[in-house]
Engineer: 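Below are the structure tokens for one structure; questions will follow.
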Amino acid sequence: MKKRNVIVNSVCYVILGLGSVIILLPFIIMVSTSLTPAAEVFAWPPKLIPSKIMFSNYPDAVAAIDFGRYFINSTIITVTATGISLFLNSSAGYALAKLRFPGKRLVFLFILGTIMIPVQVTMIPMFIMFRRFPLIGGNNLFGVGGTGLIDTYLALILPNMATTMGIYLLREFFRSVPTELIQAARVDGASEYRTFLQICLPLSGPGLIASGIFNFTNSWNDFLWPLIMTISPEMKTLQLGLSQYQGQYFTDWHLMMAATLLSCLPILILYFIFQKGFVEGISSSGIKG
Amino acid sequence: MRKSNRLGLTKSEAHAGLIFVAPAVILFIFIRLVPTIYALFLSFTQFNMVKDPVWVGLGNYIKMTGDKEFFISLQNTLVYTIFNVIISAAVALGVAVLLNRKIRFVGFFRAIYYMPQIASWIALSMIWTYLLNPPYGLVNYILSLFNISKAPWLSSPSMALPTLIMIAVWRNVGYDVVIYLAALQGIQPSLYEAAEIDGASKLQQFLNITWKLLIPTTVYIFIMTGIFSLQAFDQVFQLTAGGPADATITVVLQIYRQAFQFGQMGYACALAFVLFVVIFILSGMSLKITGRLGETE
């Protein structure tokens, strides 16, 4: 019986290992190609380990497109949106979990209900509304003449400033904070704001991390929204820059893979640090990146 | 005295509650509710951003029924969604069951399978374009080791959509694994012990206990991955741009083209609303299954 178990378990490891190879292989190829000399990119048979490790591919890739600018844009948008969303999501999540106020049920239904609206429905009206925004971006009082809010950081940050799933996730975390703790703080004379900021917020660290990671990843990887909301090359994000790279330098795969790797790096680093936060956020709420 | 104090407390609590939810609610009204109503209005108009919208009633919706490209995109999207959803879930169920045996490195394997989910579709599309390029790509090289001739993958009209599905499954499996594994870990071991005593075989145990208890999870996974597959855009835009010969155009790609390449804002909104209705129904079902709507106290 015991011997049979060992065999079955070994088969398990082999199957899971093979699956892992299939999942990992594209990433390994990305790393190996990013270090390959230009002459070996189309070698046949393909070489997994390049004959010479070319670290210079990275500065070359950065120089070939306006990588620095794209990276800064993506960072500004993602960090600002994530920062604001942590504040808006946690305050709304806290109120829905712990405070009694009129219209609470309606507010919860409204926030939950908006998740059913796909971005493809709102993007066209939002584009028109941003474009016609008066007195900004060269527009006159009637929203004509310029580009309005299109091509601004605000337009790129706005849709990620609060998220239904972030509010839902944080509400779940705040629900596990003992109500007695909040009551005690009130008896001690703490205001509702202090109770939230100094007592409940520090207790919901894992919730903030999960919600922050979710928002950061979504913002960083977003493509359709910045594709529509930007015009000038200076406002493009990393995903847009990467997408155009392929069209311009379609045979420089060593450089393209180097740029792709650099573009994934912030998310990969976050993933290795907060792996648990990623996975637990998903399994507890079903949110998807 | 005591009563007024209690009332005072409740009042400040209600006040704080409203202030705490206000920013998110106001934001959602402006970026979700108002645009949705505006989109519904625009879907009944002809609008190119230059002249004012012209009311055409159901004109856009009637136009859709004769739009051949729309039907191709709808068919592609449905094929992509159905195959992606079912194959990913089947593979993931197998992986999750293996991971749920008392083996080591569960966290490690789970982390690997989940990895494609965190990278952007654009980055993954770049990698796959390289892997699948017909003359030099690694995939064709591996096939050549087994004496299988080079395949054109994304550049052949008949293979492009199946190739997109294959890549989607590769990316999707990890998400399904995480959810299945969480559900499997929630099944009471005593159920299997009881079945063991009753002499049930491993297969019977799987069918009568595991699978039965996983049906709600499976439905949930189908709905969630279905919603995301129906919105397929980034990967199609980057890998095939809808081609070759419209073989991979999707509904969202059509919406994007109509609105931002042809300037048909009204018609694009009508297309988006059709997608919205389908996703609305699916999301409503998922909220019902997870019981979130009933949680409002």
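All values reported here derive from a predicted model rather than from experimental measurement. Chain identifiers are assigned alphabetically (A, B, ...) following the order of the sequence lines, protein sequences preceding nucleic acid strands; residue numbering begins at 1 within each chain.
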Engineer: Verify side chain to side chain contact (heavy atoms under 4.5 Å, CB included) between A:Ser20 and B:Tyr113, making sure each step is shown before the conclusion.
Structural biologist: CA-CA 6 Å; A:Ser20 306; B:Tyr113 283 98; 3.8 Å; yes

Engineer: Mind ranking B:Tyr256, B:Trp170, B:Phe280 by heavy-atom pairs under 4.5 Å with chain A and telling me who comes out on top?
Structural biologist: B:Trp170

Engineer: Does A:Arg132 use its side chain to pair, donor to acceptor, with the backbone of B:Met49 at less than 3.5 Å?
Structural biologist: yes

Engineer: Quick one: what part of A:Leu240 sits under 4.5 Å from any heavy atom of chain B, side chain, backbone, both or neither?
Structural biologist: neither

Engineer: If you count heavy-atom pairs within less than 4.5 Å of chain A, which of B:Ile118, B:Asp234, B:Ile279, B:Ile227 leads?
Structural biologist: B:Ile118

Engineer: Measure distances from A:Ile29 to the heavy atoms of chain B and classify the residue's part below 4.5 Å as side chain, backbone, both or neither.
Structural biologist: side chain

Engineer: Name the option with the most non-hydrogen atom pairs under 4.5 Å to chain A; the candidates are B:Phe233, B:Tyr141, B:Tyr38.
Structural biologist: B:Tyr141

Engineer: With a 3.5 Å cut-off and sequence neighbours excluded, list the donor-acceptor pairs that the side chains of residues 123-135 of chain B form with protein atoms.
Structural biologist:
unit_1	atom_1	unit_2	atom_2	d
B:Ser125	OG	B:Trp121	O	2.5
B:Thr129	OG1	B:Ser125	O	2.6
B:Tyr130	OH	A:Val41	O	3.1
B:Asn133	OD1	B:Tyr136	N	3.1
B:Asn133	OD1	B:Gly137	N	3.4
B:Asn133	ND2	B:Tyr130	O	2.7

Engineer: Side chain, backbone, both or neither: which part of B:Tyr180 has a non-hydrogen atom closer than 4.5 Å to chain A?
Structural biologist: neither

Engineer: Check the orientation of A:Tyr94 and B:Phe20. Use parallel for under 30°, tilted for 30 to 60°, and perpendicular for over 60°.
Structural biologist: tilted

Engineer: Is it the side chain or the backbone of A:Phe196 that comes within 4.5 Å of chain B heavy atoms, both, or neither?
Structural biologist: side chain

Engineer: So which part of A:Val121 gets closer than 4.5 Å to some heavy atom of chain B, the side chain, the backbone, both or neither?
Structural biologist: both

Engineer: Examine whether an atom of A:Met161 lies under 4.5 Å from a heavy atom of chain B, and if so say whether it belongs to the side chain, the backbone or both; otherwise answer neither.
Structural biologist: both

Engineer: Highest number of heavy-atom pairs under 4.5 Å with chain A: which of B:Ser144, B:Ser283, B:Ala183, B:Gly94?
Structural biologist: B:Ser283

Engineer: Considering only heavy atoms, which portion of A:Thr33 lies under 4.5 Å from any heavy atom of chain B: side chain, backbone, both, or neither?
Structural biologist: side chain

Engineer: Measure A:Leu268 against the heavy atoms of chain B and call it side chain, backbone, both or neither at under 4.5 Å.
Structural biologist: both

Engineer: Which atoms of A:Phe110 come close to chain B, meaning under 4.5 Å heavy atom to heavy atom: side chain ones, backbone ones, both, or neither?
Structural biologist: side chain

